[in-house]
Amino acid sequence: MKKTEWYLEYEIIINRPGLLGEISSLLGMLSINIIMINGVKHARRGLLILTKDDVHIKRLKTILETMDTIQLIKLRKPKLRDRLAVRHGRYIQSDQDDRKVIRFVRDDLGILVDFMAELFKKNEHKLVGIRGMPRVGKTESVVAASVCANKRWVFVSSTLLKQTVRNQLVKGEYSPENTYIIDGIVSKHRANEKHWRLIREIMQLPAVKVIEHPDIFVQATEYTMEDFDYIIELRSHEEEEITYRDLELNQFPHDHGYM
């Protein structure tokens, strides 16, 4: 029988010596293996566990709910955020009003790269937007995540080294194993119809597309924010405001089409 992974999270109500050992022993008696364990919040522990029989999970749930030293929080098939929480010791931060908006600060680059790498691993359509001010690490994080996911990255428009605006791709660049990186500001201000035609072709590929400055990108295209699977916000610090007017004026001071 194939083994399946589960995510277990509990809050410690009475923190006494030997508590973790008791829970580990309980898992062992139920033939449940521990893959990874870490603190994920104050007084909370998260575990990735493995079992051959889901009946053991039902028994585990029943027993844990009778314990007065802990409170069972989650027992479910692991989501991406659960895996990251166990790896890094805390949950990534989501917007309370829009759950697909994920927030990071520059000190979180390791978690951000890990998060995006997990998104990039599947060869399927996924549209990811990333907001942030200059030199905060947006493009570098996307490239690093592509490396971790064993993906080739293709700049369709970018300002990483110099302003890049591609009108065509070469053989081998049309592949679901690539990560396509588009700078919304550069495309809006420097693109011609051939560039937009290329973007429409790329959007049809079963591959990952990362749009820097997605709010500007949707102003110049038929796409909307609803088309994005995730919106990542990267800041130098938590209080930093992400604005676009000064950014556009600084990069394109002679573009009189901007209002």
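Quick caveat, the model's predicted, so the values are computed rather than measured. We number each residue from 1, following the sequence as shown.
By the criterion of side-chain heavy atoms lying less than 4.5 angstrom apart, applied directly or through intervening Ile, Leu, Val, Met, Phe, Trp or Tyr residues, L60 is grouped together with I34 in one hydrophobic cluster. Each of V105 and I231 belongs to its own hydrophobic cluster when Ile, Leu, Val, Met, Phe, Trp and Tyr are linked at side-chain heavy-atom distances under 4.5 angstrom. Tracing side-chain contacts under 4.5 Å through hydrophobic residues (I, L, V, M, F, W, Y), one never reaches I199 starting from I185; they form parts of separate clusters. Two different hydrophobic clusters hold V101 and L84 under the rule that ILVMFWY side chains link at heavy-atom gaps under 4.5 Å.
In summary, the side chains of Q168 and K194 do not present any donor paired with an acceptor at a separation below 3.5 Å, with no hydrogens or angles considered. Side-chain contact, H125 with K209: a donor N or O sits under 3.5 Å from an acceptor N or O. Side chain to side chain, Y91 and Q93 fail the donor-acceptor criterion of an N or O pair below 3.5 Å. In summary, the side chains of H195 and S187 do present a donor paired with an acceptor at a separation below 3.5 Å, with no hydrogens or angles considered. Between the side chains of T51 and N33, not a single donor N or O lies within less than 3.5 Å of an accepting N or O. A donor-acceptor pair shorter than 3.5 Å cannot be found between the side chains of K121 and N150. R81 and S94 form a side-chain donor-acceptor contact under 3.5 Å, judged by distance and modelled atom types alone.
In summary, E9 and R76 do not engage in a salt bridge, as defined by a charged side-chain N under 4.0 Å from a carboxylate O. For the pair R87 and D114, the salt-bridge criterion is met [side-chain N within less than 4.0 Å of a carboxylate O]. Note on E233 versus R235: salt bridge recorded, some NZ/NE/NH1/NH2 to OD/OE distance being below 4.0 Å. The residues D108 and R90 are annotated as salt-bridged, a charged nitrogen and a carboxylate oxygen being separated by less than 4.0 angstrom. Contact check on K61 versus E65 returns a salt bridge, with a Lys/Arg side-chain nitrogen under 4.0 Å from an Asp/Glu carboxylate oxygen. Contact check on E11 versus K74 returns no salt bridge, with no Lys/Arg side-chain nitrogen under 4.0 Å from an Asp/Glu carboxylate oxygen. A salt bridge does not link R103 to E238: none of the charged side-chain nitrogens sits closer than 4.0 Å to a carboxylate oxygen. In this structure, R166 pairs ionically with E173, as a charged nitrogen and a carboxylate oxygen lie closer than 4.0 Å.
Heavy atoms from other residues, nucleotides or ligands lying under 6.0 Å from NE2 of H42 number 12 at most. The environment of CD in E140 is crowded: more than 12 heavy-atom neighbours from other residues, nucleotides or ligands sit within 6.0 Å.
Tested against E5, the residues D82, L50, I49 include a single side-chain contact (heavy atoms from CB on, under 4.5 Å) partner, L50.
Between W196 and F217, the ring planes are tilted. Angles from 30° to 60° get that label.
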*Decide ring pair (Phe, Tyr, Trp, His ring centres under 6.0 Å) for Y230 and F115; before the verdict, give the C-alpha distance in whole Å, the side-chain angles of both, and the deciding distance to 0.1 Å.*
CA-CA 11 Å; Y230 293 92; F115 172 69; 5.6 Å; yes
*asked:* Could you go through K100 and D229, starting from their C-alpha distance and side-chain angles, then the distance that decides it, and tell me whether this counts as salt bridge (charged side-chain N to carboxylate O under 4.0 Å, His left out)?
replied: CA-CA 7 Å; K100 71 180 179 182; D229 298 292; over 6 Å; no
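A 4.5 Å side-chain heavy-atom check between E212 and I182 finds every atom pair outside the cut-off. Looking at R152 and S146, their side chains never come closer than 4.5 Å, going by heavy atoms from C-beta outward. Side-chain contact between L234 and L112 is present, with heavy atoms from C-beta onward closer than 4.5 Å.
The ring of Y180 has its center no closer than 6.0 angstrom to the ring center of F155.
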